[in-house]
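A short worksheet on the structure shown next.
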Amino acid sequence: MRSEGNPPILLVLSAPSGAGKTTIARELVRKYGFVHVVTATTRPPRPGERDGVDYLFVDENTFRNWIEEGQLFEWVEIYGYLYGIPKKHLLKPLTEGKDVVLTVDVRGKRSIEKVFRNDPRVRFLTVFLLPPSLDVLKERLLKRGDPPEKIRERLEKARDELSYAKEYDYVITNDDLTQTVRRIAQIAGRG
Ligand code: ADP
């Protein structure tokens, strides 16, 4: 990683499911040259999820090997599935001086924060996206084609997740997509 002058941004983006993290990460890649680093998981993909875009889907053997070899930042087990970020996937672009966006939940944010918050070689920044309202969130989940039982579950979970917003550097309401992306780029000093 470059140590002088203008370190790369490490942007951690969290939001309740459906609030727009993946969409915004994609825009930061397209318009501002960020690299989107995704979490590896042993959970099977949900319909519509794409390998390498939403998550890196790996089998349990591969994941366990990575653990043994110390290749992951702190990993977690949730409902029997393993989640973690491979060190090299994150360190490579940062070493090359590229800005990185990570889309993770609050647990992922906490574990990455432990590693990078005080590392002078990156500019560590955390952003929590809010949906304009729970009604709008519901509309977006519907539009995305999530099944009704998942929508109910995600809305319930969203209420919990919103309480984590206060531990992020910035909280932004993702109302208009273009404006949200511009605002994040400005915060990152890339706008
Ligand atoms: P997440 O990754 O947080 O689960 P997505 O990025 O998949 O959320 O976004 C959920 C849905 O909402 C998608 O269909 C996406 O196109 C749409 N969406 C995202 N941001 C906005 C926005 N600002 N305005 C309208 N629709 C949006």
Side-chain angles (χ1 to χ4, degrees), residues 9-58 76 78-79 81 83-85 89-90 99-113 125-188 190-191:
I9 308 284
L10 175 49
L11 169 66
V12 175
L13 202 54
S14 300
S17 179
K21 357 178 227 315
T22 311
T23 307
I24 281 162
R26 205 171 291 153
E27 288 297 286
L28 289 169
V29 170
R30 195 170 70 82
K31 289 189 173 159
Y32 296 96
F34 276 68
V35 174
H36 184 199
V37 173
V38 294
T39 301
T41 183
T42 58
R43 136 169 117 53
R46 300 186 185 121
E49 282 184 337
R50 286 179 293 159
D51 190 29
V53 175
D54 300 289
Y55 288 91
L56 198 62
F57 295 103
V58 298
V76 291
I78 303 168
Y79 300 127
Y81 295 117
Y83 297 77
I85 296 169
H89 292 188
L90 182 51
D99 296 329
V100 169
V101 54
L102 280 175
T103 47
V104 291
D105 69 0
V106 69
R107 276 166 293 217
K109 175 258 188 199
R110 286 174 182 159
S111 77
I112 288 299
E113 186 161 35
L125 198 59
T126 59
V127 172
F128 193 93
L129 292 176
L130 292 178
S133 67
L134 287 174
D135 279 344
V136 172
L137 183 61
K138 188 174 173 186
E139 278 168 31
R140 289 189 189 161
L141 291 167
L142 275 167
K143 186 180 117 202
R144 192 170 70 177
D146 290 24
E149 71 279 7
K150 288 289 175 197
I151 292 181
R152 228 170 303 138
E153 201 180 289
R154 286 183 183 148
L155 286 172
E156 277 299 308
K157 207 166 150 221
R159 283 174 230 272
D160 279 352
E161 287 169 332
L162 295 179
S163 67
Y164 297 123
K166 58 183 177 301
E167 60 176 89
Y168 285 72
D169 300 325
Y170 294 87
V171 179
I172 297 176
T173 301
N174 178 25
D175 197 342
D176 177 75
L177 179 62
T178 310
Q179 286 201 20
T180 305
V181 173
R182 199 178 295 149
R183 174 96 183 95
I184 294 175
Q186 274 168 0
I187 289 169
R190 300 294 189 254

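The basis for the numbers below is simple: all heavy atoms, side chains too, and nothing from hydrogens, waters or symmetry mates. Read the numbers this way: they start at 1 and go in the same order the structure lists the ligands and their atoms. The first residue in the sequence is number 1, and the count goes up from there.
Not counting sequence neighbours, the partners of Phe128 by the ring-ring contact (aromatic ring centres under 6.0 Å, His included) test are Tyr168.
Interatomic distance, Asp169 CG to Leu11 CG, rounded to the nearest 0.5 Å: 9.5 Å. Atom CG in Asn174 sits 10.5 Å away from atom NZ in Lys21 (nearest 0.5 Å).
Counting only distance, with no hydrogens or angles, the side chain of Thr41 and the backbone of Tyr83 share no donor-acceptor pair below 3.5 Å. Ser14 contributes a side-chain N or O that, together with a main-chain N or O of Val104, makes up a donor-acceptor pair within less than 3.5 Å.
At a heavy-atom cutoff of 4.0 Å, ligand 1 is surrounded by Pro16, Ser17, Gly18, Ala19, Gly20, Lys21, Thr22, Thr23, Arg140, Lys143, Arg144, Asn174, Asp175, Asp176, Leu177.
One side chain, Arg144 or Ser17, offers a donor N or O that lies under 3.5 Å from an acceptor on the other.
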